[in-house]
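Before I ask anything, here is the structure I am working with.
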Protein chains: 2
Amino acid sequence: MIAATRASLIAAAREAFGTIGYAAASMDDLTAAAGLTRGALYHHFGDKKGLFAAVIDQIDAEMTIRLRAVSARAADPWTGFRDSCAAYLAMAREPEIQRIMLRDGPAVLGDPWGWPLQNDCIRMMAQGLNELVREGVLAPLDPEAVARLIFGATQHAAQWIAHAPDPEAALRAATDAFDAMLKGLLRKPA
Amino acid sequence: MIAATRASLIAAAREAFGTIGYAAASMDDLTAAAGLTRGALYHHFGDKKGLFAAVIDQIDAEMTIRLRAVSARAADPWTGFRDSCAAYLAMAREPEIQRIMLRDGPAVLGDPWGWPLQNDCIRMMAQGLNELVREGVLAPLDPEAVARLIFGATQHAAQWIAHAPDPEAALRAATDAFDAMLKGLLRKPA
DNA sequence: TCAATTAACATACGGAGCGTATGTGAAAGG
DNA sequence: CCTTTCACATACGCTCCGTATGTTAATTGA
């Protein structure tokens, strides 16, 4: 039943980290909410950052699955890529993802380039881009560089959208601008 | 001489926050390094976050000045805009800016949309974009949405470049990809 | 000129929180 | 049946933040 213990701790941590944030989350309160004490925590995760890393891994895995599903549902690679970008833009508006993945994560665990799973997420994008470059759909650009630019743009834009006075209008404006920028990547301008 | 006291505290804090980070910076060590005690700190800045905000204001003001200078040096608005994007990309590679402005800042002070001066930085970009749209250089897109996308893209790409095995090659790849994306914003594809 | 107020700090204190060291009970293994 | 190990709980010390309380010097006002 150690898996259940770990899962309940991660669940409680995810709730706390996603709402009040990493710094304000007390390990005593966290473990008490899971019906345990800090002893269990340090036994399974080493320290507070270890638990936080476990939460990040879980969320990142979920995001990868969701993005993969969106991409697989599309007709061709290019629209699949565009759709997953839009899906990421939408996901990055969720408060839990914003708080844990975009804000506290990098500050606590250091740059996301140490995180194995976020790299998966980007690697998936870069692979799709690589194919598009090989097929001649995209101009011959470095796939990872493009993926990083798009990743950052969507992340930041999503936070802007979430805080905008009119989120729906902001989402439309961001999507339009994003589409325009993506067009610049195409080999032949549509 | 209260300005000197404030300045020395901010300088010490900037050094500490920029190297070991906000969470690991002890206020006792900080103030001792400035030849003071925590009493001075809480008198002038209220709390730890207040001092951090003062540091962020200072750095953000410096960044705005630097970007404005780059933009003013250009021949036409469009190249001025492109140059300041490139300058921001270069600035975001500086460890102090990465740590304080990009990583710890949002986590500690909340989303940057509450920060007055970072908004200045973006507003400057948005104003330049607005002019370009009016002049017909750019497609009719929402300037702030474009500014947000570019801001996020450069931020993220800069961190990628800083951590890449070959930063120079990564910078070139990112610049190429970035130029391509910017081309998508133009009304008439070059 | 001198008392009184305020500003600019230093000092002292309480409380919260993290990490570790230690204890305990149950399960597994010989 | 004994022992070892695992999965926790308990207890402790340490650091650090924020506040409350001095203390000194400058300024004000009569």
Side-chain angles (χ1 to χ4, degrees), chain A residues 1-58 99-100 103-110 114-115, chain B residues 1-58 99-100 103-110 114-115:
Chain A
M1 293 300 104
I2 63 174
T5 301
R6 282 180 60 95
S8 71
L9 280 174
I10 290 179
R14 183 169 171 168
E15 163 68 21
F17 291 152
T19 50
I20 61 177
Y22 177 83
S26 159
M27 306 303 268
D28 283 317
D29 299 350
L30 246 176
T31 51
L36 297 164
T37 66
R38 287 219 323 280
L41 213 168
Y42 286 94
H43 179 72
H44 285 290
F45 299 99
D47 60 352
K48 188 177 183 180
K49 287 167 74 171
L51 177 60
F52 188 63
V55 170
I56 286 200
D57 282 358
Q58 187 182 78
R99 183 88 213 212
I100 296 179
R103 279 169 50 192
D104 286 349
V108 174
L109 262 42
W115 315 358
Chain B
M1 293 300 104
I2 63 175
T5 300
R6 282 180 60 96
S8 69
L9 280 174
I10 290 179
R14 184 168 170 169
E15 163 67 21
F17 292 153
T19 50
I20 60 177
Y22 176 84
S26 159
M27 306 302 269
D28 283 317
D29 300 349
L30 244 175
T31 51
L36 298 163
T37 66
R38 288 220 321 282
L41 214 168
Y42 286 94
H43 179 72
H44 285 290
F45 299 100
D47 60 352
K48 189 178 182 180
K49 287 168 74 172
L51 177 60
F52 189 64
V55 170
I56 286 201
D57 282 358
Q58 187 182 79
R99 182 87 213 213
I100 296 179
R103 281 169 48 193
D104 286 350
V108 174
L109 262 41
W115 315 357

Quiz: residues 2-10 of chain B side-chain donor-acceptor pairs under 3.5 angstrom, not counting sequence neighbours:
unit_1 : atom_1 : unit_2 : atom_2 : d
B:Thr5 : OG1    : B:Met1 : O      : 3.4
B:Ser8 : OG     : B:Ala4 : O      : 3.4
B:Ser8 : OG     : B:Thr5 : O      : 2.9

*Mind listing the residues from residues 39-51 of chain B sitting with a heavy atom below 4.0 Å of DNA chain D? Number order is fine.*
B:Tyr42, B:Asp47, B:Lys48
*Which of residues 3-10 of chain A have a heavy atom under 4.0 Å from DNA chain D?*
A:Thr5
*Using side chain to side chain donor-acceptor pair (under 3.5 Å) as the criterion, list what pairs up with B:Arg99, not counting sequence neighbours.*
B:Asp104
*Do any pairs count as a salt bridge (Lys or Arg N to Asp or Glu O under 4.0 Å) and have a residue in residues 10-25 of chain A, sequence neighbours left out, and if so which ones?*
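Pairs touching residues 10-25 of chain A that pass the test: A:Arg14-A:Glu62, A:Arg14-A:Glu96.
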Output a table of donor-acceptor pairs, distance under 3.5 Å, between side-chain atoms of residues 38-51 of chain A and any protein atom two or more places apart or on a different chain; print 'none' if there are none.
unit_1  : atom_1 : unit_2  : atom_2 : d
A:Arg38 : NH1    : A:Asp28 : OD1    : 2.8
A:Arg38 : NH1    : A:Asp28 : OD2    : 3.3
A:Asp47 : OD1    : A:Gly50 : N      : 2.9
A:Lys48 : NZ     : A:Tyr22 : O      : 3.0
A:Lys48 : NZ     : A:Ala25 : O      : 3.0

Distances under 3.5 Å between nitrogen or oxygen atoms of protein and nucleotides 12-14 of chain D:
none

_Closest heavy-atom pair and its distance - A:Arg103, B:Ala107_ =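 Closest approach of A:Arg103 to B:Ala107: O-CB, 3.6 Å.
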*So what is the 5' to 3' dot-bracket string for DNA chain D, if pairs are Watson-Crick or G-U wobble with both distances under 3.5 Å, crossing pairs use [ ] and | means the partner sits on another strand?*
||||||||||||||||||||||||||||||
*Considering all heavy atoms of both residues, which atom of A:Val55 and which atom of A:Ala13 are nearest to each other, and what is their separation?*
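Residues A:Val55 and A:Ala13, closest heavy atoms: CG2-CB, 3.8 Å.
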*Quick one, which residues of residues 19-33 of chain A touch DNA chain D with a heavy atom under 4.0 Å?*
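Heavy-atom contacts with DNA chain D come from no residue of residues 19-33 of chain A; none.
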_Minimum heavy-atom distance A:Ile56-A:Leu109, with the two atoms named_ =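 Minimum heavy-atom contact is CD1-CD2, 3.9 Å.
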